[in-house]
Peer 1: 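The structure is given below, and queries will be raised subsequently.
Proteins get letters first, then strands, A, B, ... in listed order; numbering begins at 1 in each. As the structure is a computational prediction, the values presented were derived from the model and not from experiment.
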2 protein chains.
Amino acid sequence: MARQRTTSGKIRLTEVAKLAGVSPITASRFFRNPAALSASKRERVESAAKELGYVPDLAARALASQRTEVIGVLIPSLTNNVFSDVLRGIYDASQGSRYSIQFVNTRYSILQEEKLLRLFQAQRPAGLVVTGINQTSESRAVMEAMNCPIVQIMEIGPDPVDMMVGFSHNEAAFAAVSHLIAQNYRRIGFLGARMDPRVQRRLEGYREAMKAASLLDPDLILTTPVPTSVTMGGTLLSDLISRVPDIDAVFCVNDDIALGVLFECQRRQIQVPDDLAIVGFNDLEFMASAVPALTSVRTNRYEMGRNAITMVMAAIEGNRPSTPVVDLGFELMIRRSSLVRRT
Amino acid sequence: MARQRTTSGKIRLTEVAKLAGVSPITASRFFRNPAALSASKRERVESAAKELGYVPDLAARALASQRTEVIGVLIPSLTNNVFSDVLRGIYDASQGSRYSIQFVNTRYSILQEEKLLRLFQAQRPAGLVVTGINQTSESRAVMEAMNCPIVQIMEIGPDPVDMMVGFSHNEAAFAAVSHLIAQNYRRIGFLGARMDPRVQRRLEGYREAMKAASLLDPDLILTTPVPTSVTMGGTLLSDLISRVPDIDAVFCVNDDIALGVLFECQRRQIQVPDDLAIVGFNDLEFMASAVPALTSVRTNRYEMGRNAITMVMAAIEGNRPSTPVVDLGFELMIRRSSLVRRT
DNA sequence: CAATCCATTGGTAGCGCTGTCAATAATCGT
DNA sequence: ACGATTATTGACAGCGCTACCAATGGATTG
């Protein structure tokens with residue numbers, strides 16, 4: 001005999017169909033492809049669903065259809081300001097669509113990323129957003145097997161898994177450092193923390209710009225693997241100054257470091273930019289408010305998130321974008337902290 | 001006749017059971033309650049699962065068991081620094097458990113919150129974390145009907161839906177303002193933005209402290225409904241000074257405002273704390289680095305997230321905490337920006 | 001030694017929905 | 001007007017897993 005499961009007063013599709021006077025299958029179609037119904041049935045199902053307060057059971061739907069309406073998002077950090085803007089863009093773009101977003105945190109570990117990717121694979125997401133272009137070959141294999149649209153975000157590079165939205169960290173850093181050189185600075189330090197792949201590429205851009213001007217000196221480069229923070233910015237500047245007392249500018253891999261540098265300058269009575277120019281990266285909101293206002297590289301983080309989801313959703317619906325790789329670029333926001341050097 | 005569904009090379013529980021030489025039901029039990037199996041079968045199923053790389057189908061599991069292993073988290077903002085710490089705590093605590101976290105964003109709207117709560121209800125989450133104590137009565141009804149552990153975070157108050165982890169914003173603000181009064185400041189301004197319920201309670205704490213010292217003056221209170229930012233801190237200070245030129249201290253509802261105030265002081269050559277004392281709220285990392293270091297109220301955001309998830313998980317497993325309301329308190333971090341006033 | 005108990009294990013029948021195909025009604029072309 | 005094509009609708013049979021109950025066998029007890 002049948003077990004006596006608690007059928008919980010939940011309204012099922014069958015109830016809606018019965019009230020609407022159609023078969024369950026027709027009611028089901030109403031939710032997936034209303035255009036396939038005749039106008040009269042459509043209205044009947046719609047009002048029946050509303051009357052009963054029907055909410056589809058996602059698990060049953062996923063099981064029967066062998067797919068979900070979940071877009072998985074893998075990001076390396078929840079703490080970093082940079083990602084919160086991306087997340088906001090992702091959220092805003094998904095808002096109002098039928099897709100829901102599932103965030104997971106890779107903690108800057110490509111092995112963790114691989115693991116999470118496998119987990120997603122088992123859940124058949126409708127689409128995927130992954131951070132960066134440095135996945136393990138295992139991860140790549142999983143992604144390629146996954147048969148769903150995938151967008152890599154934060155940077156662009158050759159050989160996309162599927163689609164990409166980002167910008168060139170290398171070029172952005174090159175532009176920032178070239179600006180300092182053009183402003184007549186010569187001993188330009190590089191301060192970096194948490195040297196993730198994108199930060200590495202910023203360092204490369206710095207190197208290229210310095211080399212092109214014959215100003216490259218390994219002593220000017222100071223990095224630490226520890227996570228970034230404002231305090232760390234101060235520490236790094238102190239360390240760099242004691243090693244290279246004659247620096248006249250610093251390029252910081254992010255704005256937290258730049259703010260820490262500014263505070264350290266205030267503490268040491270170093271005039272900015274007269275004694276030391278500062279350039280940051282990302283153009284967080286506070287950079288324009290600081291005293292002096294701090295030059296930074298504006299990156300379109302919100303748009304990155306927005307575009308990524310928009311592209312994934314379009315691809316799920318079968319409208320793959322004509323250009324799978326979108327370069328959102330960057331903009332150098334020149335402010336007083338990198339004013340032309342007095343000679 | 002049967003349809004020809006693409007059975008996708010996926011490994012099912014049946015395969016595992018067959019390889020292990022047990023019935024599917026026994027294999028199923030291995031994943032849900034391994035202790036119920038004899039040691040020999042347990043090992044056989046375990047190795048079979050590993051050999052085949054079996055990953056359970058969550059949708060099927062959810063459908064059959066009428067529950068999920070998802071903990072839903074409703075937060076008002078993804079951008080706010082404060083929440084990123086909470087999220088991190090939530091993430092860390094869920095790491096390694098069988099529960100997965102589903103974040104949704106209420107955008108500081110209790111109506112949006114209500115909608116999302118209904119959505120969750122349809123998905124039968126194993127547990128829920130909601131922000132704050134100001135839900136609509138509809139939301140409360142939904143939560144009470146949901147029959148799963150629920151933790152309200154960020155603040156504590158009377159009449160919890162189920163459990164609570166937080167602290168008293170009122171008391172924290174009271175302590176901060178009392179500190180300024182004790183330091184001999186008298187004309188203490190209040191600067192607030194995005195007046196969400198918790199910020200309102202901080203204002204209340206300010207009012208109580210000022211009133212107790214007979215210093216309350218409505219002109220000293222300046223708030224704006226727009227979202228908070230560093231720039232807004234500067235703007236608010238400017239506005240307050242033009243209205244009340246004799247202020248000698250400001251209590252800022254958060255650290256971004258406080259930083260903006262500091263920058264504005266630097267711009268206007270106002271000495272901190274000699275001309276103006278500054279106290280912030282949350283004790284973000286940069287507060288200690290600023291020049292001068294800025295006093296703030298340290299809140300245990302990471303622990304809040306951690307505790308919330310730990311409590312939910314325990315409750316799901318049937319071990320409800322003995323004290324359903326946890327006050328994580330706060331700590332006034334006194335720094336140079338609120339040094340005792342010279343008279 | 002029989003009656004009882006507990007620990008394991010298995011069988012049956014769905015959970016609520018949708019893919020596939022078939023059936024029917026409506027529309028069209030010549 | 002007739003067959004052919006196209007729009008709608010319905011029937012059937014699962015998707016992969018687990019709740020419930022029953023059965024088995026050995027241990028325990030009076």
Peer 1: Taking CD from B:Gln66 and P from D:dC20, how many angstroms apart are they, rounded to a whole number?
Peer 2: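 After rounding, the gap between these two atoms is 11 Å.
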
Peer 1: Quick one: does B:Leu52's side chain get under 4.5 Å of B:Leu19's, heavy atoms only?
Peer 2: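 B:Leu52 reaches B:Leu19 side chain to side chain.
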
Peer 1: Which heavy atom of B:Glu113 sits nearest a heavy atom of B:Asn134, and at what distance?
Peer 2: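 Nearest pair, atom of B:Glu113 first, then B:Asn134: OE1-O, 4.2 Å.
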
Peer 1: Does B:Val73 reach the side chain of B:Gln102, with side-chain heavy atoms less than 4.5 Å apart?
Peer 2: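 Counting from C-beta outward, B:Val73 and B:Gln102 never come under 4.5 Å.
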
Peer 1: So, using ring pair (Phe, Tyr, Trp, His ring centres under 6.0 Å) as the criterion, who are the partners of B:Phe167 when residues are at least two apart?
Peer 2: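 B:Phe167: ring pair (Phe, Tyr, Trp, His ring centres under 6.0 Å) contacts with B:His169.
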
Peer 1: Roughly, in whole Å, what's the span from CZ in A:Arg124 to P in C:dC17?
Peer 2: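 Interatomic distance, CZ of A:Arg124 to P of C:dC17: 19 Å.
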
Peer 1: May I ask you to check whether over 12 heavy atoms, not counting those of B:Asp327, lie within 6.0 Å of atom CG?
Peer 2: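 Enclosed.
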
Peer 1: Nearest whole angstrom, please: distance from the P of C:dG16 to the CD of B:Gln123.
Peer 2: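 So the two atoms are 15 Å apart, to the nearest Å.
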
Peer 1: Below 3.5 Å between N/O atoms, which protein atoms pair up with nucleotides 24-27 of chain D? Just atom names and distances, please.
Peer 2:
none

Peer 1: How many Å lie between CZ on A:Arg67 and P on C:dG19, as a whole number?
Peer 2: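 For the pair A:Arg67 CZ and C:dG19 P, the rounded distance is 6 Å.
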
Peer 1: Answer yes or no: does a side-chain N or O of A:Arg32 lie under 4.0 Å from OP1 or OP2 of C:dG19?
Peer 2: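 Answer yes for this pair, as a side-chain N or O of A:Arg32 is under 4.0 Å from OP1 or OP2.
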
Peer 1: In whole angstrom, give the distance that lies between atom CZ of B:Arg61 and atom P of C:dG16.
Peer 2: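 The distance from CZ of B:Arg61 to P of C:dG16 comes to 19 Å, rounded to the nearest Å.
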
Peer 1: Roughly how many Å is it from CZ in B:Arg12 to C1' in D:dG14, rounded to a whole number?
Peer 2: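 Going from B:Arg12 (CZ) to D:dG14 (C1'), I get 11 Å.
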
Peer 1: Mind checking whether B:Phe103 and A:Phe103 have parallel, tilted or perpendicular rings, split at 30° and 60°?
Peer 2: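 B:Phe103 vs A:Phe103 ring planes: tilted.
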
Peer 1: The test is side-chain hydrogen bond (donor to acceptor under 3.5 Å, both in side chains); show your working for A:Ser28 and A:Arg32 and say whether it passes.
Peer 2: CA-CA 7 Å; A:Ser28 164; A:Arg32 288 172 294 136; 2.8 Å; yes

Peer 1: Is A:Arg107 atom CZ crowded by more than 12 heavy atoms from other residues, nucleotides or ligands, each under 6.0 Å away?
Peer 2: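 Yes, because the 6.0 Å sphere around CZ of A:Arg107 holds more than 12 heavy atoms from other groups.
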
Peer 1: Just to be sure I understand the geometry, which residues of residues 46-60 of chain B put a non-hydrogen atom under 4.0 Å away from DNA chain D?
Peer 2: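 Nucleic-acid contacts, sorted: B:Tyr54, B:Pro56, B:Asp57, B:Ala60.
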
Peer 1: Between B:Glu303 and B:Arg306, is a salt bridge (charged side-chain N to carboxylate O under 4.0 Å, His left out) present by the stated rule, with each step listed?
Peer 2: CA-CA 5 Å; B:Glu303 284 71 26; B:Arg306 254 198 107 78; over 6 Å; no

Peer 1: Quick check on the helix from C:dC1-D:dG30 to C:dT30-D:dA1: what's the angle between its two end axes, five base pairs per end, to the nearest 10°?
Peer 2: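 Here the local axes at opposite ends form an angle of 30°.
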
Peer 1: Mind listing the closest non-hydrogen atom pair of B:Val130 and B:Gln135 along with its distance?
Peer 2: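 That would be CG2-NE2, 3.8 Å.
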
Peer 1: Detail all sub-3.5 Å separations between protein N/O atoms and N/O atoms belonging to nucleotides 8-10 of chain D.
Peer 2:
| residue | atom | partner | partner atom | Å |
| --- | --- | --- | --- | --- |
| D:dT9 | OP1 | A:Ser38 | OG | 2.7 |
| D:dT9 | OP2 | A:Ser38 | N | 3.1 |
| D:dG10 | OP2 | A:Ser23 | N | 3.1 |
| D:dG10 | OP2 | A:Ser23 | OG | 2.9 |
| D:dG10 | OP2 | A:Thr26 | OG1 | 2.5 |
| D:dG10 | N7 | A:Arg29 | NH2 | 2.8 |

Peer 1: Which of these nucleotides, D:dC17, C:dG19, C:dG16, is closest to any side-chain atom of A:Leu63?
Peer 2: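 Nearest nucleotide to the side chain: C:dG16.
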
Peer 1: List the steps, then state whether side-chain hydrogen bond (donor to acceptor under 3.5 Å, both in side chains) holds for A:Thr136 with A:Glu114.
Peer 2: CA-CA 7 Å; A:Thr136 65; A:Glu114 190 178 309; 2.7 Å; yes

Peer 1: Grab the CZ-P distance between A:Phe31 and C:dG16 for me, whole Å please.
Peer 2: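 To the nearest whole Å, that distance equals 15 Å.
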
Peer 1: Without decimals, in angstroms, what is the distance between B:Glu15 CD and D:dC15 C1'?
Peer 2: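 It is 13 Å, rounded to the nearest whole Å.
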
Peer 1: Sequence neighbours left out, what passes ring pair (Phe, Tyr, Trp, His ring centres under 6.0 Å) with A:Tyr54? Give chain and number order.
Peer 2: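 Ring pair (Phe, Tyr, Trp, His ring centres under 6.0 Å) check on A:Tyr54 returns A:Phe31.
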
Peer 1: Between B:Ser23 and B:Thr26, is a side-chain hydrogen bond (donor to acceptor under 3.5 Å, both in side chains) present by the stated rule, with each step listed?
Peer 2: CA-CA 5 Å; B:Ser23 73; B:Thr26 303; 3.0 Å; yes

Peer 1: What's the spacing between B:Ser139 OG and B:Leu74 CG if we round to 0.5 Å?
Peer 2: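 Those atoms lie 9.0 Å apart.
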
Peer 1: Is the phosphate of D:dA7 approached by A:Arg42 (side-chain N or O, under 4.0 Å from OP1 or OP2)?
Peer 2: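 So the side-chain polar atoms of A:Arg42 never come under 4.0 Å of the phosphate oxygens OP1 or OP2 of D:dA7.
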
